[in-house]
> 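Okay, here's the structure, questions in a sec.
One is the number of the first residue; the rest follow in order along the sequence.
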Amino acid sequence: MFDALASITRSVPMKGTPILHIEAHGSVEYTGFIGPSSEELTWEELGDPLRVLNTATRFNLVVVAAACLSEAILFAVQMPKPIPYLAAVCFRTEVVPGRLLDSMLELYRALVIDGRSLQEAAERADRELSGSELLRFTSVPLLMRNAAAYVMDDLGACNFDNYYASMAAKVQIRTGRPLQYTPAAFKKVMRDAAIEAVESALRLSLDYEHFPENRLRFGFDPKQFVDDMLRAELRTR
């Protein structure tokens, strides 16, 4: 499997960007799949070779993971490394072979013959499945929202009230004095830290150093990310 991916990567300058189609038996443990040589592989293990291939395609790689429970391909995304694909079509559930075939035929019919967008093609492919079988389309914006959510959660910015109360209690215990920041001032500090952390996550995930065009191409605004997520947190209280 890894040799095949390395060969595909080497062929990109001559053959262009491929659609990487992986058809296999998905793991019921939601971790990976059975490879072409009957080896068990995890989606996480595929992360590094997929990153190399995605970089070779200048962040244009599409992966079609035609396997049960292949939504776990999200585990190939490992912060703060560059993302392993531009978009992925995968299955959220188990799927019977006949409907998987029908679904994939419709996906490629929509893409190749009808010239539809990948998202439209995925929606058409999903309609070929039964109600209990679900296909998922995931792309860079979703990956980046997940990355931003992870960063902000790690900072405590998505649960500000609890974090502020915890910090105030720790300062009181350690120093015998109240926390010097007011809630409003502390929230600004947290917001600024979250924006800086999300900017760093975007810079590394989209490899701005080697692909500066990605900053404009994807157009993500760290401030907008953070403020949208903080507003969403307020709505859930």
Side-chain angles (χ1 to χ4, degrees), residues 1 4-5 8-9 11-24 26 32-33 43-44 46-47 49-79 81-95 97-131 133-149 202 205-208 211 213-221 225:
M1 182 71 177
L5 288 173
I8 293 169
T9 300
S11 74
V12 168
M14 297 172 288
K15 296 183 177 180
T17 299
I19 292 178
L20 182 65
H21 183 100
I22 301 173
E23 192 150 335
F33 61 97
W43 295 111
E44 187 174 354
L46 278 189
L50 287 181
R51 262 180 284 281
V52 175
L53 178 53
N54 192 36
T55 299
T57 68
R58 304 191 70 83
F59 285 72
N60 287 298
L61 179 65
V62 172
V63 180
V64 178
C68 293
L69 304 170
S70 57
E71 183 183 32
I73 195 173
L74 289 170
F75 291 130
V77 180
Q78 300 159 18
M79 298 295 297
K81 297 178 181 179
I83 56 173
Y85 45 79
L86 171 72
V89 177
C90 48
F91 288 87
R92 302 181 69 178
T93 61
E94 294 184 27
V95 58
R99 280 195 288 270
L100 185 147
L101 176 60
D102 291 341
S103 178
M104 293 296 96
L105 286 173
E106 185 59 32
L107 177 77
Y108 289 111
R109 183 182 297 113
L111 279 175
V112 178
I113 298 176
D114 298 340
R116 301 295 184 181
S117 70
L118 184 59
Q119 183 166 355
E120 289 176 307
E123 290 169 355
R124 280 173 51 170
D126 185 53
R127 289 197 287 270
E128 295 296 317
L129 302 172
S130 72
E133 298 165 329
L134 297 172
L135 183 139
R136 176 174 182 173
F137 169 73
T138 186
S139 61
V140 166
L142 176 61
L143 296 179
M144 293 302 95
R145 281 196 294 273
N146 289 346
L202 291 171
S205 297
L206 298 175
D207 199 359
Y208 290 163
F211 300 93
E213 68 272 18
N214 281 351
R215 186 184 294 272
L216 290 176
R217 176 187 176 190
F218 296 109
F220 296 124
D221 182 348
F225 259 126

> Would you please test Asp126 and Phe137 for side chain to side chain contact (heavy atoms under 4.5 Å, CB included) and show each step?
CA-CA 10 Å; Asp126 185 53; Phe137 169 73; over 6 Å; no
> Which atom names give the shortest non-hydrogen contact between Ala24 and Ala67, and what distance separates them?
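That closest heavy-atom pairing would be O-CB, 3.3 Å.
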> Between Glu213 and Arg58, does at least one N-O distance fall below 4.0 Å, as a salt bridge requires?
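A salt bridge links Glu213 with Arg58.
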> Got Thr57 and Leu86 here, is their nearest side-chain heavy-atom distance under 4.5 Å?
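Not touching, per the 4.5 Å side-chain cut-off.
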> Taking all heavy atoms of Val64 and all of Met104, pick out the closest pair and write down the distance.
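The answer is CG1-SD, 3.5 Å.
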> Within this structure, what is the CD-CZ distance for the pair Glu133 and Arg99, rounded to the nearest 0.5 Å?
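Reported value, rounded in 0.5 Å steps: 4.0 Å.
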> If I compare all heavy atoms of Ala76 with all of Pro84, which pair ends up nearest, and what's the gap?
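It is O-CG, 3.7 Å.
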> Could you tell me the separation between the CD1 atom of Ile19 and the CG atom of Asn60, rounded to the nearest 0.5 Å?
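Between atom CD1 of Ile19 and atom CG of Asn60 there are 11.5 Å.
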> If I take atom CG from residue Leu100 and atom CD from residue Glu94, how far apart are they, to the nearest 0.5 angstrom?
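Separation between the atoms: 12.0 Å.
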> With Leu53 as reference, evaluate Thr17, Leu46, Thr9, Val63 under the side-chain contact (heavy atoms from CB on, under 4.5 Å) test and give the passing residue.
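Output: one option passes, namely Thr9.
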> Please assess Phe91 against Leu129 for the test side chain to side chain contact (heavy atoms under 4.5 Å, CB included), listing each intermediate value before the final yes or no.
CA-CA 10 Å; Phe91 288 87; Leu129 302 172; 3.7 Å; yes
> Just so I know, are the side chains of Pro18 and Ile8 near enough to count as touching, which here means a heavy-atom distance under 4.5 Å?
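Pro18 reaches Ile8 side chain to side chain.
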> Taking all non-hydrogen atoms of both residues, which atom of Asp114 and which atom of Arg124 are closest, and how far apart?
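Looking at all heavy atoms of both residues, the shortest contact is OD2-NH2, 2.7 Å.
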> Hey, are the side chains of Glu71 and Leu134 touching, using non-hydrogen atoms and a 4.5 Å cut-off?
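When only atoms from C-beta onward are counted, Leu134 and Glu71 do not touch, as no gap falls below 4.5 Å.
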> Are any non-hydrogen side-chain atoms of Ile83 and Ser205 less than 4.5 angstrom apart?
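Touching, per the 4.5 Å side-chain cut-off.
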> Before you tell me yes or no, could you show the steps for Leu206 and Phe220 under side chain to side chain contact (heavy atoms under 4.5 Å, CB included), namely the whole-Å CA-CA distance, both residues' side-chain angles and the distance that decides it to 0.1 Å?
CA-CA 10 Å; Leu206 298 175; Phe220 296 124; 3.7 Å; yes
> How long is the straight-line distance from CG of Leu20 back to OH of Tyr85, given to the nearest 0.5 Å?
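Output value for this atom pair is 11.5 Å.
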> Would Val89 and Leu135 count as a side chain to side chain contact (heavy atoms under 4.5 Å, CB included) if you check the C-alpha gap in whole Å, the side-chain angles of each, and the deciding distance to 0.1 Å?
CA-CA 7 Å; Val89 177; Leu135 183 139; 3.7 Å; yes
> Heavy atoms only: give me the nearest His21-Ala66 pair and the separation to one decimal.
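That closest heavy-atom pairing would be NE2-CB, 3.9 Å.
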> Could you report the tightest heavy-atom contact between Ser70 and Trp43, atom names first, then the distance?
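The answer is CB-CZ2, 3.7 Å.
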> Within a strict 4.5 Å, meaning less than it, do heavy atoms of the Leu202 and Phe225 side chains meet?
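They are in contact (side-chain heavy atoms under 4.5 Å apart), so the answer is yes.
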> Is there side-chain contact between Arg51 and Gln78, with at least one heavy-atom pair below 4.5 Å?
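Heavy-atom side-chain distance check passes, below 4.5 Å.
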> Measure the spacing between CG of Leu107 and CG of Leu118 and express it to the nearest 0.5 Å.
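Here the rounded value is 6.5 Å.
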> I want to check something: taking the side chain as every heavy atom from C-beta on, are Phe59 and Arg217 in contact at a cut-off of under 4.5 Å?
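SC-SC contact between Phe59 and Arg217 confirmed.
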> For the atom pair CD (Glu44) and CG (Leu74), what is the distance rounded to the nearest 0.5 Å?
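Rounded to the nearest 0.5 Å, the CD-CG separation comes out at 12.0 Å.
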